[in-house]
Amino acid sequence: MAAQPLLPLFKYSTIKEISDSGDLSSLPSCYTCRGPDIDGPTEALEEEVPIIDFSLLVGGTAKQRTQVIQDLSKACRDWGFFMVVNHGVPKSLMEAMLNTCMGFFNMREDEKQEYNEKHVLDPIRHGTSFNTSVDKVRYWRDYLKVFVHPDFHSPAKPSGFREISVEYATRTREMTKELLKAIWESLELKPDDMEEALDLNSCFQILVANLYPPCPQPELALGIPPHSDHGLLTVLLENGVNGLKVEHNGKWVHVKSLPNSFLVNTGDQLEIVSNGKYKSVVHQAEVNASSTRMSLVTLVGPSLDNVVVPAPQLVKHNHQLAYNGMKYRDFLEHQQANPLLVKSLLDLLRLHN
Ligand SMILES: O=C(O)CCC(=O)C(=O)O
Ligand SMILES: [Fe+2]
């Protein structure tokens with residue numbers, strides 16, 4: 001089938017608009033980024049991802065906490081990915097957050113307009129694909145990105161967004177900090193050194209809502225291409241529709257989240273501070289033909305002014321320094337302003353290949 005020209009799409013500014021219009025029966029060529037002719041068949045496996053019981057980490061016995069720390073160590077080393085259950089964030093808050101993000105995407109395009117085409121470090125940004133000024137192909141997603149810590153921002157509409165997102169950001173940030181503390185311990189690093197290394201009191205936290213409307217030829221498109229996340233840990237919530245794939249032992253694994261759980265993955269700053277012991281995991285988002293998928297991502301990184309370097313204790317004892325440091329603000333800006341490629345920035349900072 002001949003690819004449709006790009007031109008008719010100029011009347012639409014978001015994937016949601018294209019999808020809602022019902023105008024497309026096939027995928028426009030600018031969205032074609034995979035398929036047998038491009039990347040060959042990929043192997044996808046169903047595998048059980050590690051599960052972490054958060055309640056045992058914060059409220060269990062000393063023995064249970066030690067066990068969870070060991071489980072986290074294994075999950076970070078072998079997968080860079082795990083599912084968190086019994087996390088204490090109320091189900092009603094998780095649902096309210098998903099609903100209010102959907103409320104944002106459902107607003108008229110002119111109501112969202114003020115957040116479009118912003119600089120990558122603007123605190124509220126709405127757009128489509130990844131970064132349309134540099135994307136070579138386009139991705140089948142719309143997004144809303146909001147910086148929520150150390151300074152809290154919120155779009156003015158829809159009503160309720162501010163109250164719900166401040167609560168959601170706070171609860172997920174506290175959970176992420178507890179996980180980071182435990183991961184720090186799992187590296188056999190001193191708890192007191194974490195604050196100096198990462199300055200988590202001023203941690204940078206961003207909320208990203210990803211909307212993946214139904215796609216006419218999902219086997220040819222991607223919602224987000226393979227990439228790693230720039231921060232320390234990323235916490236992801238889905239609206240009940242699967243689509244996330246993570247790389248594990250050289251193969252792609254489809255992830256199915258349990259109801260009421262969070263999916264958590266390691267990011268680039270964790271790879272650096274752990275001197276490569278915990279690699280940031282490569283992942284991607286697929287789209288489908290029948291249902292709208294939404295994922296809500298909250299990403300926690302160090303303070304934007306921090307230069308994260310490998311923890312000195314991990315470099316002693318015959319381990320070579322594996323990465324140069326880079327100020328996190330510069331890392332973030334570089335990652336967001338360039339095409340989303342697998343670990344390209346870590347490759348620049350890595351000292352031995
Ligand atoms: O939607 C997903 O499953 C993945 C989202 C993601 O990787 C991201 O926002 O960085
Ligand atoms: Fe990601």
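Just so you know, these numbers come straight off a predicted model, no measurement behind them. Counting starts at 1 for both ligands and their atoms, in listed order. All residue numbers in this chain count up from 1 along the given sequence.
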- Do any nitrogen or oxygen atoms of R293 lie less than 3.5 angstrom from nitrogen or oxygen atoms of ligand 1? yes
- Query: Can you list the ligand 1 atoms lying under 4.0 Å from a non-hydrogen atom of H283?
  - Reply: 7 (O)
- Message: Can you tell me how far apart OH (Y328) and CD (Q269) are? Round to the nearest 0.5 Å.
- Response: 6.0 Å
- Metal-centred angle, NE2 of H283 through the Fe ion (ligand 2) to OD1 of D229, rounded to 10 degrees: 100°
- Item | For T128 against S13, the heavy-atom pair lying closest together | CG2-O, 3.6 Å
- Message: I need the atoms of ligand 1 closer than 4.0 Å to a non-hydrogen atom of V297, numbered in the order shown.
- Response: 9 (O)
- Residues L57 and L179: closest non-hydrogen pair is CD2-CD2, 4.2 Å
- Message: Tell me the nearest of N210, V208, N242, T234 to atom 5 (C) of ligand 1, using heavy-atom distances.
- Response: N210
- Task: Check each atom of ligand 1 against the heavy atoms of L236 and keep those under 4.0 Å away; list them by number with element.
- Result: 2 (C), 3 (O), 4 (C), 5 (C)
- Task: Please determine if H227 has a nitrogen or oxygen closer than 3.5 Å to a nitrogen or oxygen of ligand 1.
- Result: yes
- Message: Residue-level breakdown please: for E238 versus ligand 1, do any non-hydrogen atoms fall below 4.0 Å on the side chain, on the backbone, on both, or on neither?
- Response: neither
- Query: Is E48 atom CD crowded by more than 12 heavy atoms from other residues, nucleotides or ligands, each under 6.0 Å away?
  - Reply: no
- Salt bridge check: are E247 and K279 linked by an N-O gap of less than 4.0 Å? no
- By number and element, which atoms of ligand 1 are closer than 4.0 Å to a non-hydrogen atom of Y212? 1 (O), 2 (C), 4 (C), 5 (C)
- For atom 6 (C) of ligand 1, which protein heavy atom lies nearest, and how many Å away is it? I224 CD1, 3.6 Å
- Message: Counting only heavy atoms not in E111 (residues, nucleotides, ligands), do more than 12 fall under 6.0 Å from its CD?
- Response: yes
- Nearest non-hydrogen partners of A169 and Q205, listed with the distance: O-NE2, 3.2 Å
